[in-house]
2 protein chains.
Amino acid sequence: MTDFKPKKWPKQARSKASFDAILEGAARLLRRQGYEALTTNRVAAEAGVGIATLYEFFPNKEAIVAELVARLMAKVEANMEEAFAEAVGQDPWPAVTHMTSRAVGSLAEDREVFHVLLRQVPFVPQLPVVMETRAALAALSQRVRITAAGALDLPMPEEDAWLISEMLYNAILEVAFLDVDEKKRAELTKELARLTYRMAVGRDPEAAGSVSR
Amino acid sequence: MTDFKPKKWPKQARSKASFDAILEGAARLLRRQGYEALTTNRVAAEAGVGIATLYEFFPNKEAIVAELVARLMAKVEANMEEAFAEAVGQDPWPAVTHMTSRAVGSLAEDREVFHVLLRQVPFVPQLPVVMETRAALAALSQRVRITAAGALDLPMPEEDAWLISEMLYNAILEVAFLDVDEKKRAELTKELARLTYRMAVGRDPEAAGSVSR
DNA sequence: ATATAATCCAAGTAATTGCTCGGAAAACTC
DNA sequence: GAGTTTTCCGAGCAATTACTTGGATTATAT
């Protein structure tokens, strides 16, 4: 099987620059042309390095994509942990809106690249780093839900958790991928949070009894 | 731009068989090896026809995929219209569960092929036939919702419709794609219907007031 | 029965792909 | 400053790709 890790990590500043340039070139190509246009020769050209330099660090094309994905996922995860820290102690409804909006926001920054990677590259969704990040995010929402449960006395059917996190994940992607202005995206994000709350709690956030005592 | 329609339709029974064999061969390859393994030469071999025969009917690889998609989508749409006819006049909650379960079921039949086509082939989600089918399905759920609104006196915020149908579409795909036994899939489908109902109506289907007078 | 149209196909072509080779230059180590 | 390691690179190769060519075979029409 193909190896999805860099065969060598850069040691000097010079090669760190090349390494980064390769990843940035790959991202630019993905954004502009999609995965089908991503050839190793083109990535090298776009990055401004020789093709042999590229193969000095990466064993194959997939490893480039995997490393790019790893970096993007790390950024998302960091963002979401920060968001969680900010949401701790807030009431359930503000907590949900805040987490949702941060999730959409951190994907929307690089929406074209995320779109291509997560929806068009066959092996990316199965990548360990992606599955781990998804699990970490699901765990975070679980903790938000538990807080909410304490405040709201929620029934929490075992099975729903998976479905809700699945629906939420996909909806967040869809909203983040949309090519709309930020105002419209913010509106949709708010609505998404409301629907999520409805799914999880079974009633509207504005309804009586939704605010913790 | 490349043409996504067959360059010629078969006229005799002999060539109809070839035409179908090509599409079935393509589907088999997609199911077994994914889109990356789908080469025109391999499709021809798998279908048991010469490569030139393939190019007699299809101008390029994409047209094969597009025609396969068109056939699958037509089947789904027919299924869903039938399901809608059966759901008409039923109470909202049974109508929703019925439609959801038929949707999942009609995708699950060919789940690997649908999975590859809808999630890994860059141009498929943008194909007119796919977008039209999605629109048709969204229109169907709208009509279910309108019926429900009449029975339940629902508030129907304009914006939610899109989000709900988006979430529902993705969740249906996810549940249909899952590699689980049919009992488990049926459970998840039922839960999905319940969450959908919660999203759309704002309360549980079993709660008082959910049954039409 | 003959002419016309439909259907078939294997061998081949031009272009592109991922990736290697062999070695030069630059940076660290002592 | 000599030796070692790291970094760089473009020409080119083997394999694969989508697709064409030129013609043979089979069905249909008259």
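Computation of the quantities below employed the complete heavy-atom set of this structure, encompassing side-chain atoms and omitting hydrogens, waters and symmetry-equivalent molecules. Residue numbers start from 1 in every chain, and the chains themselves are labelled A, B, ... in the order their sequence lines are given, proteins ahead of strands.
- Between B:L54 atom CG and C:dT7 atom P the separation is 15 Å, expressed in whole Å.
- Per the geometry, CD1 belonging to B:I51 stands 14 Å off C1' belonging to C:dT13, to the nearest Å.
- Protein atom NZ of B:K11 is 9 Å distant from nucleotide atom C1' of C:dA5, rounded to whole Å.
- Residues of residues 35-42 of chain B that place a heavy atom closer than 4.0 Å to DNA chain C do not occur.
- Across the protein-nucleic acid pair, A:Y55 atom OH and D:dA11 atom P stand 17 Å apart, rounded to whole Å.
- Between atom CD of residue A:E187 and atom CG of residue A:L192 there is a gap of 13.5 Å, rounded to the nearest 0.5 Å.
- When each of A:N60 and B:F19 is assigned the nucleotide of DNA chain C with its nearest heavy atom, B:F19 is the one assigned upstream, toward the 5' end.
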- Message: Please encode protein proximity along nucleotides 21-30 of chain D as a string of B, S and -, counting only heavy-atom distances under 4.0 Å.
- Response: B----BS---
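- Put simply, NZ on B:K16 is 13 Å from P on C:dA6, counting in whole angstrom units.
- Remark: B:D110 engages no residue in a side chain to side chain donor-acceptor pair (under 3.5 Å) (not counting sequence neighbours).
- Applying the side chain to side chain donor-acceptor pair (under 3.5 Å) test to A:R111 and every residue at least two apart in sequence or in another chain returns A:D179.
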Sequence neighbours left out, cut at 3.5 Å: what donor-acceptor pairs do the side chains of residues 18-28 of chain B make with other protein atoms?
{"from": "B:D20", "atom 1": "OD1", "to": "B:R71", "atom 2": "NH1", "distance (Å)": "3.2"}
{"from": "B:D20", "atom 1": "OD1", "to": "B:R71", "atom 2": "NH2", "distance (Å)": "3.0"}
{"from": "B:R28", "atom 1": "NH1", "to": "B:E46", "atom 2": "OE2", "distance (Å)": "2.7"}

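- Separating the NZ atom of B:K8 from the P atom of C:dA5 is a distance of 12 Å, rounded to the nearest angstrom.
- Contacts of residues 62-71 of chain B with DNA chain D (heavy atom under 4.0 Å): none.
- At least one side-chain nitrogen or oxygen of A:S18 sits closer than 4.0 Å to the OP1 or OP2 atom of D:dC8.
- A sub-4.0 Å separation between OP1 or OP2 of D:dC9 and a side-chain N or O of A:T53 is present.
- There is a side-chain donor-acceptor pair under 3.5 Å between B:H98 and B:E86.
- Following rounding to the nearest Å, A:F58 (CZ) and D:dT7 (P) show an atom-to-atom distance of 13 Å.
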